[in-house]
J.: 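I'd like to ask some things about the structure below.
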Amino acid sequence: MPDTPHDEILRLRAEVARHEDLYRRKHAPEISDYEFDRLRDRLQELEAAHPDLAGPDMGIGDDRIEGFEQRDHAEPMLSLDNTYGREDFGAFVERLRGKLPGADLRFVVEPKVDGVALSLTYERGELVRAVTRGNGFRGDDVTANILLIPEIPRRLAGAPDLLEVRGEVYMRTDEFARLNAEREAAGEPLYANPRNLAAGTVKLLDRAEAARRRLSVVCYGMGACRPAAFSTLADLNARLRAWGFPTSDGFRLADGEEGAWAAIQELDATRRSLPYPTDGAVVKLDRLDLQARSGATSKFPHWAVAFKYPPDQAETVLRAISMQVGRTGVITPVAELEPVLLAGSTVSRATLHNADEIARKDIREGDTVRIQKAGEIIPQVLGVVPERRPADAAPFDFEARLRELGLDAARHGDEAAYRLRTPSRDVKVRRLVHFASKHCLDIDGLGDAVAEQLVDLGLVDAPTDVLSLKPEHWALLDKFKEKSVDNMMAALSAARSRELWRAIHALGIPNVGMQTAKDLARHFRSLDALAQSRLDSYVVKRVGKKGQELKAYDTVISGIGEEVAKSILSYFSDPNHRDWVEAMRKGGLSLEEAAAATATSAAMAGKTFVLTGTLPTLSRDQARDLIEKAGGKVSGSVSKKTDYVVAGEEAGSKLDKARELGVAVIDEAGLRKLLGD
Ligand code: IVH
């Protein structure tokens with residue numbers, strides 16, 4: 001049955017909210033900007049057609065997360081509307097002409113840098129803070145990490161009393177490649193793309209790690225400027241350069257719609273040789289007085305727009321379709337391609353998503369296919385080029401291929417994916433490794449090699465089996481002498497007292513990563529409550545003033561929409577998984593969020609801590625955990641509201657700032673005392 005507009009609006013709002021959160025807070029988008037815009041446009045269209053069904057304005061998203069002080073912007077930081085194609089761009093200029101009749105429209109055209117928007121506040125020429133966009137009005141104070149970028153001037157000669165310099169923090173393509181090469185060498189999973197890594201780095205609380213990843217910045221605008229000092233963007237650009245700010249190499253001025261269009265085309269021809277990836281141009285009115293006259297919506301200025309270039313595409317031969325088995329036993333078909341150059345890199349594999357997708361597009365081995373990369377990292381197969389199909393190409397039989405490969409898989413309910421009916425050895429090993437990994441139960445010493453042995457010896461089938469292993473079982477493992485057995489038993493006993501979110505993450509619920517696991521733990525407070533949750537625990541219909549059900553929905557837990565909710569429900573509907581929960585309980589895990597009241601110590605409750613330098617025995621994460629468990633808060637930067645700065649070796653500017661503001665400085669021993677150790 002087709003969706004009613006009401007259903008569709010509910011679904012779209014949940015999806016838009018989820019993708020906003022993935023992009024802005026988790027730095028791990030699942031869809032391209034283009035796909036996101038399409039969702040948002042469709043929602044807007046529906047809400048305009050059915051105002052009675054519309055929900056509240058969804059804003060421009062929000063990047064604020066725990067651990068940072070928040071700061072107001074003196075002038076709001078808006079986002080930009082996107083345009084695609086000549087006509088769409090023409091409509092933007094037309095609207096602008098309507099708002100500014102008779103004005104000469106001179107535009108600045110610049111590459112759109114894909115990073116994180118940043119506002120640098122200078123008071124009487126001194127850099128006082130760096131703040132992210134946040135919700136547009138209030139953002140996170142990320143000064144500590146931004147100070148790691150040496151190109152940002154700390155002091156400006158002859159500056160206005162107050163100046164907010166606006167720009168974008170990004171990661172250069174070569175720096176991204178360098179960091180990924182290191183990850184690859186260490187056998188760690190690769191970072192997805194430079195934008196997400198830049199966004200993650202700006203919000204990193206581990207300063208040493210942040211310092212290792214070199215960020216860059218480009219400045220292209222301003223917020224508040226008191227007293228007024230500039231009349232055009234060209235003016236501002238020249239001054240920013242003179243002060244030493246990195247500005248855009250691609251900055252150009254263009255007259256009228258035709259001039260701007262020509263500049264957009266020119267930029268398209270040169271953009272691939274820029275040191276950062278860019279998929280668009282930003283076009284903005286040069287004159288600040290005209291900008292002010294044209295105004296803004298709640299999200300976008302009328303005087304500027306982003307133009308998105310069509311994604312890069314190529315044609316190549318699909319040599320074969322292979323099957324990839326994921327940690328949860330999900331099978332993903334992969335296109336093995338004749339290598340081809342696309343958007344500056346050689347592509348030899350692309351995702352085919354699932355069996356339905358292959359059938360719908362009638363993709364066959366031997367076909368010539370059209371592939372595309374649009375911001376996402378893994379290229380997509382758009383479809384086949386029918387006239388180049390070899391005469392002997394047969395329709396792809398997904399199930400027959402699974403049988404040939406010896407993969408016994410089936411589909412559950414309305415899931416698109418095939419999943420192994422009984423987990424393979426490899427799946428058992430990988431889910432055990434995940435279960436024991438650092439961001440799950442953190443079972444020290446249980447890595448790949450040990451997991452393989454446990455599975456091969458038949459000691460572990462479900463990952464939770466590991467909790468009930470006795471010393472005599474461990475002694476069966478290769479090279480496990482008494483000492484290693486003792487260590488393992490100690491590691492397991494430590495794992496039993498881990499927090500609820502770790503147990504949730506360890507279960508390996510599809511679509512539930514670490515952040516979502518934390519959100520779920522905070523909300524449900526016990527694994528039983530989570531296992532018993534229903535769809536309306538996540539998405540609820542909005543109720544009007546008179547108690548009538550409005551045709552709009554709310555997500556109960558920010559960022560968790562229908563898709564994740566369904567994934568959780570489907571997971572716990574499997575009796576095996578319910579057994580896992582029982583096994584965890586029998587294995588001695590508490591499966592409840594430590595009650596704040598009992599854990600909180602009076603000395604710690606509500607206090608704000610800032611960590612700096614290297615502590616003698618505690619890692620940043622451990623110190624943070626201890627503080628939070630005791631009811632304290634950890635922030636990334638020192639302010640008057642900070643109660644304690646915990647300083648270790650090589651403490652940097654935070655320590656200076658603490659002294660300057662007269663904030664109490666303690667060491668690890670001091671922290672332990674407060675914790676009642
Ligand atoms: S001007 C009112 N210029 O792209 C906002 N923004 O998708 C005026 N961006 O919010 C922004 N490169 O974070 C401008 N050369 C450039 C840019 C740029 C990247 C970012 C910025 C903006 C976002 C919109």
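Side-chain atoms are counted along with the backbone in the values below, which use heavy atoms only and exclude waters and symmetry mates. Order of listing sets the numbers, starting from 1, for every ligand and every atom in it.
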J.: Enumerate the salt bridge (charged side-chain N to carboxylate O under 4.0 Å, His left out) contacts for residues 226-242, please, sequence neighbours excluded, ordered by first and then second residue.
T.: none
J.: Thinking salt bridges, do Lys26 and Asp21 make one under a 4.0 Å N-O criterion?
T.: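 Result for this pair is yes, salt bridge flagged.
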J.: So is Met77 touching ligand 1 or not, going by heavy atoms under 4.0 Å?
T.: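 Heavy atoms of Met77 never come under 4.0 Å of ligand 1.
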J.: Of all the non-hydrogen atoms in the protein, which one sits nearest to atom 20 (C) of ligand 1, and at what distance?
T.: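 Result: Glu168 OE1, 3.2 Å.
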J.: Throw together a table of side-chain donor-acceptor distances under 3.5 angstrom for residues 90-99, partners on residues two or more places apart or in other chains.
T.:
residue : atom : partner : partner atom : Å
Glu94   : OE1  : Arg97   : NH1          : 2.8
Arg97   : NH2  : Glu257  : OE1          : 3.3

J.: Would you mind listing which atoms of ligand 1 come within a distance below 4.0 Å of any non-hydrogen atom of Pro111?
T.: 12 (N), 15 (N)
J.: Only one of His353, Gln372, Gln313 clears side-chain hydrogen bond (donor to acceptor under 3.5 Å, both in side chains) with Gln380; which?
T.: His353
J.: Nearest to atom 12 (N) of ligand 1, what protein heavy atom do you find, and at what distance?
T.: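 The closest one turns out to be Val113 N, 3.0 Å.
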J.: Flag the pair Arg38 and Asp41 as a salt bridge only when some basic side-chain nitrogen lies within less than 4.0 angstrom of an acidic carboxylate oxygen.
T.: no
J.: Short N/O distance, under 3.5 Å, between Asn82 and ligand 1?
T.: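 The answer is no, given that Asn82 and ligand 1 share no N or O pair closer than 3.5 Å.
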J.: Would you kindly specify which portion of Glu110 sits under 4.0 Å from ligand 1, judged on non-hydrogen atoms: side chain, backbone, both or neither?
T.: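 The answer is the side chain of Glu110.
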J.: What's the shortest distance from atom 17 (C) of ligand 1 to any protein heavy atom, and which residue and atom give it?
T.: Tyr220 CE2, 3.3 Å
J.: Specify side chain, backbone, both or neither for Ala306, according to which of its non-hydrogen atoms lie closer than 4.0 Å to ligand 1.
T.: neither
J.: For atom 23 (C) of ligand 1, which protein heavy atom lies nearest, and how many Å away is it?
T.: Lys112 NZ, 3.6 Å
J.: Report, in ascending order of atom number, the atoms of ligand 1 lying under 4.0 Å from any heavy atom of Pro301.
T.: 2 (C)
J.: State which residue, out of Phe107, Tyr84, Trp261, fulfils the ring pair (Phe, Tyr, Trp, His ring centres under 6.0 Å) condition with Phe307.
T.: Trp261
J.: May I ask you to identify, for Leu80, whether its side chain, its backbone, both or neither come under 4.0 Å of ligand 1 on a heavy-atom basis?
T.: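 Looking at Leu80 and ligand 1, atoms from backbone and side chain both fall under 4.0 Å.
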J.: Side chain or backbone of Lys284 under 4.0 Å from ligand 1, or both, or neither, by non-hydrogen atoms?
T.: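 Near ligand 1, Lys284 shows its side chain, while the N, CA, C and O stay back.
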J.: Heavy-atom distances under 4.0 Å decide this one: backbone, side chain, both or neither, for Arg166 against ligand 1?
T.: neither
J.: Specify the protein heavy atom at minimum distance from atom 22 (C) of ligand 1: its residue, its atom name, and the distance to 0.1 Å.
T.: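 Minimum-distance protein heavy atom for atom 22 (C) of ligand 1 reads Arg133 NH1, 4.1 Å.
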J.: Looking at Asp63 and Lys203, is any side-chain nitrogen of the basic one under 4.0 Å from a carboxylate oxygen of the acidic one?
T.: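 So Lys203 pairs with Asp63 through a salt bridge.
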J.: Whether Arg252 and Glu266 form a salt bridge (side-chain N of Lys/Arg under 4.0 Å from carboxylate O of Asp/Glu) is what I want to check.
T.: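 Looking at Glu266 and Arg252, the cut-off is met.
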J.: Does the pair Arg166/Glu164 count as a salt bridge with the N-to-O cut at 4.0 Å?
T.: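 Result for this pair is yes, salt bridge flagged.
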